[in-house]
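Okay, structure first, notes after.
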Amino acid sequence: MPENIGEFVFPGDVVRDLKVVNGVILRGPGLHSHEEPNCLLVTRAGKLCFKPPNVYWVEGHFKRYYPKKGDLVVGIIKKSGNVCKVDIGSSEVASLSLLSFEGATKKQKPDLQVGDVVYAKLLSAHREMEPELVCVDSYYKAGKLGPLSNDGFVMNVSLNFVNRILDVNSLLLRALGQKYVFEIAVGMNGKVWINGQRTIDVLNLMNALLAAERESNSNIVNVCRRYLT
Amino acid sequence: MEQKKNAKLSRAVLEMKFMKKTKERVEKEKDDAEGEAMYANEITEAMRKSGNINFTEVGIFTCKDLIEGRLSFNGMNPEIEKLMNDYHQKLIKTDKVRETEISDVEMANAYSSTVNTMGKKFETKRNRKKNKFLKPSDD
């Protein structure tokens, strides 16, 4: 067990004495395998976290999104065609085939224009290739994925705030859900799409999220209370 | 022989006609190295047996206990709300954990009076029995 769990680490730090299960360790964002065997190299500044049995990652204030296979993201169409180019906030635009929607055929494709917003899943994210998005699961069903309505509003938040609002213990969305009629799509890439019945609702929700971003987890409830009254 | 194999030849030398076979070999080695780097994330059985720790890259979704980010509240989008079972189940699970965490401490405090009264009830019964048994020894 490394000694610096929960402490602030910097790029270049080396994590030793790792806890292993069956010779495998799962490393999350901010960590790389070191040249020296059995060590991890920190590549991002933040808090070093560990989850039993064998998961390590670094948590900090990140704004740059690195695509990771299986992530659910909110993307904006930049170029339409048979294969759309989608901006997901990564260094390279992702590609999204119009055939990868539920029930889409060559003759019957979804109508996507430049500027439309989609909620999609990352099918592949290799270093050397552009990320590939799909809007269906492995059974060719759409589920929660697909194009998002044009009435909504897209905003950008930091990546660790996304992790905080999607945490099961987070009370933010639950509290907001008690007062407002709205739907939301939170992408792991820091893009958040909100749609409400009235424009004022969407504005209030946006302000609530922006205010909560700067607050600690315990203080978020107080912030929510201010917007709920 | 080993050294000869690993020696790096310049491009000019490799371009020469009689170096055709060597050139092919060098290019194949290069391709292999690239392929290995590309699949560095995948763990093979041989790597597992070598004894060193293997690292698998995962997203934050597996690190932390997160819910899916597509949610709808108060009937805004009934289709999404139908699919939100997973979200509600996770919430119920965490609520249960939270409840048990509190009740462990609170149970002891809140029910201590009940425990005492119940304990007294048992004590008196036992005492009564003891008294009955003690009576013959009294005289």
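Each chain gets a letter, A, B and so on, in the order its sequence line appears, and its residues count up from 1.
Looking at A:V55, the atoms closer than 4.5 Å to chain B (heavy atoms on both sides) all sit in the side chain, from C-beta outward. Interface remark: A:I184 contributes backbone and side-chain atoms alike to the contact with chain B (heavy atom separation under 4.5 Å). Contacts between A:Y119 and chain B at a heavy-atom distance below 4.5 Å involve the side chain alone, from C-beta outward. Interface remark: A:N54 contributes no atoms to any contact with chain B (heavy atom separation under 4.5 Å). Proximity to chain B is absent for every atom of A:L31, based on heavy atoms less than 4.5 angstrom apart.
Top candidate by heavy-atom pairs under 4.5 Å with chain A, chosen from B:N74, B:N77, B:L83, is B:N74. Top candidate by heavy-atom pairs under 4.5 Å with chain B, chosen from A:G196, A:G70, A:G30, A:S149, is A:G196. Interface remark: of the candidates A:N195, A:V192, A:D71, A:I165, A:N195 forms the most heavy-atom pairs closer than 4.5 Å to chain B.
Contact annotation: the side chain of B:L71 never approaches that of A:E183 to less than 4.5 Å [non-hydrogen atoms, C-beta and beyond]. Looking at heavy atoms from C-beta onward, B:E68 lies out of side-chain contact with A:L166 at the 4.5 angstrom threshold. Side-chain contact between A:L148 and B:R70 is present, with at least one heavy-atom pair separated by less than 4.5 Å.
Going from atom SG of A:C49 over to atom CD1 of B:I60 covers 7.5 Å, rounded to the nearest 0.5 Å. From A:D167, atom CG reaches atom NZ of B:K64 across 5.5 Å, with rounding to the nearest 0.5 Å. Rounding to the nearest 0.5 Å gives a distance of 15.5 Å between CZ of B:F73 and NZ of A:K179.
Between A:K144 and B:E79, none of the side-chain N atoms (NZ, or NE/NH1/NH2) sits under 4.0 Å from a carboxylate O, so this pair counts as no salt bridge.
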Worksheet item: Going through the checks in order, is the side chain to side chain contact (heavy atoms under 4.5 Å, CB included) test met by B:D65 and A:K51?
Response: CA-CA 10 Å; B:D65 198 11; A:K51 189 176 92 173; 5.7 Å; no

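Summarising the local packing, NZ of A:K121 is surrounded by 12 or fewer heavy atoms from other residues, nucleotides or ligands at distances under 6.0 Å.
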